[in-house]
Amino acid sequence: MYSSDARMVRGLSIAVIILSSLAIAGMLVVMFFLGVGGAALNDPYVLNEIALNADQATIDELGHYNMDASDAAALGSFAIGLGVALTLGSILCSAVTLVAGILALLRHNQPEKIGAAFGWSIAGAIAALLTGRIITVVLLVVMAVYLNKLRNPAPAYAAPYGQ
């Protein structure tokens, strides 16, 4: 029979697993669309359209700068590369939170093995904070508190003297 703390850890870990899986799936969709954008930049028709509209890309206050098609393609490629790098970092952070949820789910009823789940939940909370997933941060911090309670149970109090 589970204690109420173990049931709480089990429920929180399931929620973390679901949210982390959704975050990874969302980031994979973002990666797909970044790939489509990168492929569009290699299309000659798109580059010709950029060249026709190049006169509109000016900076009036610093001087009159025009962008040609190759400059626009280079800027677009840089933006897509930056997007891919940030998305990969988000996938990595989501994987850390997923591992934290899985470890807590597997070890919530084994007090001798809770230390690793506690450490991963702290690391997962930091990783989720880096990616701005506040709900996951809160879930992981609460889960870490309950894992700590399971790892270090409160001592049983003895009756005072004379009773």
Side-chain angles (χ1 to χ4, degrees), residues 7-110 113-148:
R7 284 190 305 236
M8 180 65 85
V9 168
R10 183 175 181 267
L12 289 170
S13 63
I14 290 171
V16 167
I17 290 170
I18 290 170
L19 289 176
S20 298
S21 300
L22 288 173
I24 290 172
M27 289 300 113
L28 290 176
V29 169
V30 169
M31 289 286 284
F32 171 76
F33 284 113
L34 286 172
V36 169
L41 280 178
N42 290 327
D43 187 12
Y45 178 75
V46 172
L47 290 177
N48 287 336
E49 286 296 319
I50 292 171
L52 290 175
N53 296 324
D55 291 334
Q56 296 174 359
T58 60
I59 301 174
D60 292 329
E61 294 178 10
L62 299 176
H64 203 65
Y65 294 109
N66 287 332
M67 292 178 62
D68 61 353
S70 64
D71 292 339
L75 182 63
S77 296
F78 173 74
I80 287 175
L82 184 63
V84 167
L86 292 174
T87 305
L88 286 175
S90 181
I91 288 173
L92 180 66
C93 289
S94 297
V96 170
T97 60
L98 182 64
V99 169
I102 291 171
L103 278 178
L105 183 63
L106 293 176
R107 297 182 178 178
H108 72 278
N109 57 356
Q110 301 169 347
K113 295 184 178 180
I114 286 182
F118 176 77
W120 275 95
S121 66
I122 297 298
I126 293 169
L129 183 65
L130 289 175
T131 56
R133 296 177 15 226
I134 302 302
I135 294 172
T136 307
V137 171
V138 171
L139 289 175
L140 284 165
V141 168
V142 171
M143 188 169 66
V145 168
Y146 278 102
L147 284 170
N148 192 36

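Quantities reported herein were computed from a predicted structural model and do not represent experimental measurements.
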Counting only pairs under 3.5 Å, give me each side-chain donor-acceptor contact of residues 21-35, with atom names and distances, residues two or more places apart or in other chains.
unit_1: Ser21; atom_1: OG; unit_2: Ile17; atom_2: O; d: 2.8

[X] versus [Y], closest heavy-atom pair with distance:
X	Y	answer
Gly124	Thr97	O-CG2, 3.1 Å
Ala116	Leu103	O-CD1, 4.4 Å
Ile122	Ala144	CD1-CB, 3.7 Å

(message) Enumerate the side chain to side chain donor-acceptor pair (under 3.5 Å) contacts for residues 78-95, please, sequence neighbours excluded, ordered by first and then second residue.
(response)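 Every pair satisfying side chain to side chain donor-acceptor pair (under 3.5 Å) with a residue in residues 78-95: Ser94-Arg133.
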Would you compute the distance between atom [atom1] of [X] and atom [atom2] of [Y] and round it to the nearest 0.5 angstrom?
X	Y	atom1	atom2	value
Ser121	Ile126	OG	CD1	10.0 Å
Ser20	Leu139	OG	CG	9.5 Å
His108	Arg7	NE2	CZ	10.0 Å
Ile134	Leu129	CD1	CG	5.5 Å
Arg107	Leu147	CZ	CG	11.0 Å
Leu140	Ser13	CG	OG	10.0 Å

(request) Sort out for me which residue in Leu19, Val9, Leu105 forms a side chain to side chain contact (heavy atoms under 4.5 Å, CB included) with Ile14. (result) Leu105
